[in-house]
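These notes are about the structure you will find just below.
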Amino acid sequence: MPASILVITFTNKAASELKERIAQYIEISKLDNKGQMPFASTFHSWCYGLVMRNHKKIGLQQCPMIAATETEHQALLRIALQRIDDCRMLVQCETMLDVPHDPASTHAEFRRGNESNTPVFVDGADKRWAAVAALTKERFGISVEQIVAQSADPPLAGAADAKPAAARKKKLGAQTQTAADEMSITRAVHHYLYGKLGKKHKLADLEKSGDIDYIQTFGGKDAIGSIMAFIYRAKSRGDQPEQYPQFQGSVLKAYNATLERFNLLDFDDMLKIANDLLDVPEVLTSVRAEFRYLLVDEFQDLNQLQMSLVLKLQQGVGRVTAVGDERQSIYAFRGATCEHNFQTFLDWFVDAK
């Protein structure tokens, strides 16, 4: 039946055109489709529908919302870079307060956090800041509220590259402003402790040492644009932060953590979670029962996560049609591997014609 055919392409416009062409073909061919039509969609729309219906099966209590535009991605990256600065200050505060740490697991983190111009992102920062606040009050008899009241709210390292709070709030909601307010508090605590203990520990003054030089590592003239290009490439391949050197890995980790904090997904997250869902046997069985056939348009532009979806949907079944032209490949910058795609298809489906 036509309704058992899943048609996947890249843009909403292309999906609409495919629906029209299929309807015209059915009408001209006088096929008895019993009023049914194939389901035509983009990769991302279909994947998000899958996530909406099944997110609890992989431990997500709420279905995440979508950060769909480059502007949103860049705004999230700016917040992530601010969180990196926040983590550097956290590590310095822990050093100044002689917080013990496990040399085997976190020595490098403490060393990097106490250097200037070196990014570091740590897990569980909120709990660690709470411990810093408690130790500060125990040692100096001053609460966080009192520190903030006395603070002149020193500027955050890299603030010249950050958008005003009002713009962030308008674009990403009240949670973004809440996060900015939290970072203002942690900066005030760091400022207070550095004034008390920074010279004693001979630590770099993060407020005066200047911004991290992201362009030196990521290249280009625009740091935000260059970092986003790296993030797009890495996530389109399903790469993890641990696969990269510390500098790049910290940035990727901070960006992913910022999305998670706001319960957001970008497009590559959707593809990854859809892959994870298809690893759940009951989900895969249900999808295969609904869609017995798969047609993939613009096959030359699939990235590794999209190729993985095709394999999981049709492995061992082989009812798949791939349409593509290597001369029209336009998504290499987002991880598409044109020649590899066609060869992989032939390797997967050895009876392909």
Side-chain angles (χ1 to χ4, degrees), residues 67 69-93 109 112-126 128-129 153-173 175-191 204-235 239-241 244-262 264 266 268-269:
T69 69
E70 186 175 357
T71 298
E72 290 174 321
H73 299 162
Q74 291 184 355
L76 288 162
L77 175 59
R78 288 185 172 92
I79 297 168
L81 298 183
Q82 291 174 7
R83 295 183 73 192
I84 285 176
D85 289 329
D86 188 63
C87 287
R88 295 164 72 212
M89 293 181 182
L90 168 63
V91 171
Q92 277 204 347
C93 287
E109 169 196 302
R112 292 194 299 267
N114 291 319
E115 294 174 351
S116 62
N117 303 323
T118 305
V120 60
F121 186 80
V122 301
D123 295 316
D126 290 344
R128 289 166 63 168
W129 271 117
D153 192 21
L156 187 140
D161 197 32
K163 290 187 175 181
R168 294 196 303 271
K169 183 174 181 180
K170 181 179 178 181
K171 190 65 184 175
L172 291 171
Q175 283 182 306
T176 307
Q177 184 60 46
T178 299
D181 292 341
E182 291 173 353
M183 285 187 280
S184 293
I185 294 171
T186 56
R187 291 197 301 274
V189 172
H190 174 269
H191 185 72
D205 186 345
L206 298 181
E207 292 179 21
K208 296 181 180 179
S209 60
D211 300 346
I212 296 173
D213 189 355
Y214 289 104
I215 288 180
Q216 182 177 356
T217 296
F218 292 99
K221 296 181 180 180
D222 170 30
I224 295 296
S226 297
I227 297 171
M228 281 311 316
F230 158 73
I231 289 173
Y232 287 147
R233 287 193 300 270
K235 296 190 72 168
D239 291 349
Q240 299 302 310
Y244 291 92
Q246 178 269 324
F247 197 111
Q248 295 94 321
S250 291
V251 173
L252 181 58
K253 187 176 182 180
Y255 178 79
N256 288 339
T258 301
L259 283 164
E260 183 178 353
R261 178 171 187 146
F262 296 152
L264 292 170
D266 61 18
D268 291 315
D269 289 327

According to the interplanar angle, ranging from 0 to 90°, do the rings of Tyr244 and Phe230 count as parallel (below 30°), tilted (30 to 60°) or perpendicular (above 60°)? perpendicular
Would you give the length of the straight line joining atom [atom1] of [X] to atom [atom2] of [Y], rounded to the nearest 0.5 angstrom?
{"X": "Gln92", "Y": "His190", "atom1": "CD", "atom2": "NE2", "answer": "4.0 Å"}
{"X": "Glu207", "Y": "Asp85", "atom1": "CD", "atom2": "CG", "answer": "11.0 Å"}
{"X": "His191", "Y": "Met89", "atom1": "NE2", "atom2": "CE", "answer": "10.0 Å"}
{"X": "Leu252", "Y": "Ile231", "atom1": "CG", "atom2": "CD1", "answer": "6.0 Å"}
{"X": "Gln82", "Y": "Ser184", "atom1": "CD", "atom2": "OG", "answer": "9.0 Å"}
{"X": "Leu90", "Y": "Arg83", "atom1": "CG", "atom2": "CZ", "answer": "11.5 Å"}

Under the side chain to side chain contact (heavy atoms under 4.5 Å, CB included) rule, collect the residues that match up with Thr186, sequence neighbours excluded. Asp86, Trp129, Met183
List the atom of [X], the atom of [Y], and the distance in Å for their closest heavy-atom pair.
{"X": "Val91", "Y": "Val122", "result": "CG2-CG1, 4.2 Å"}
{"X": "Asp269", "Y": "Leu264", "result": "OD2-O, 4.5 Å"}
{"X": "Gly219", "Y": "Ser226", "result": "O-OG, 2.6 Å"}
{"X": "Asp213", "Y": "Phe247", "result": "O-CZ, 3.9 Å"}
{"X": "Gly220", "Y": "Ile215", "result": "O-CG2, 3.1 Å"}
{"X": "Thr258", "Y": "Ala254", "result": "OG1-O, 2.8 Å"}

For the side chain to side chain contact (heavy atoms under 4.5 Å, CB included) test, which of Arg88, Gln248, Lys253, Gln246 pairs with Pro119? Gln246
Verify side-chain contact (heavy atoms from CB on, under 4.5 Å) between Ile84 and Val120, making sure each step is shown before the conclusion. CA-CA 6 Å; Ile84 285 176; Val120 60; 5.6 Å; no
Report the C-alpha distance between His73 and Tyr232 in whole Å, list the side-chain angles of each, state the deciding distance to 0.1 Å, and finish with yes or no for side chain to side chain donor-acceptor pair (under 3.5 Å). CA-CA 10 Å; His73 299 162; Tyr232 287 147; 2.8 Å; yes
Using the rule given for side-chain contact (heavy atoms from CB on, under 4.5 Å), can you reason through Ile79 versus Phe262, listing the C-alpha separation, both sets of side-chain angles and the distance that settles it, and then say yes or no? CA-CA 11 Å; Ile79 297 168; Phe262 296 152; 3.9 Å; yes
Would you check, one step at a time, whether the test side-chain contact (heavy atoms from CB on, under 4.5 Å) holds for Asp266 with Leu76? CA-CA 10 Å; Asp266 61 18; Leu76 288 162; over 6 Å; no
Without swapping roles, check the side chain of Gln74 against the backbone of Thr71 for a donor-acceptor pair under 3.5 Å.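 Between the backbone of Thr71 and the side chain of Gln74 there is no qualifying donor-acceptor contact (under 3.5 Å).
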Using the rule given for side-chain contact (heavy atoms from CB on, under 4.5 Å), can you reason through Arg233 versus Asp239, listing the C-alpha separation, both sets of side-chain angles and the distance that settles it, and then say yes or no? CA-CA 9 Å; Arg233 287 193 300 270; Asp239 291 349; over 6 Å; no
For residues Leu81 and Ile212, determine if any side-chain heavy atom of one lies less than 4.5 Å from a side-chain heavy atom of the other.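 Leu81 does not reach Ile212 side chain to side chain.
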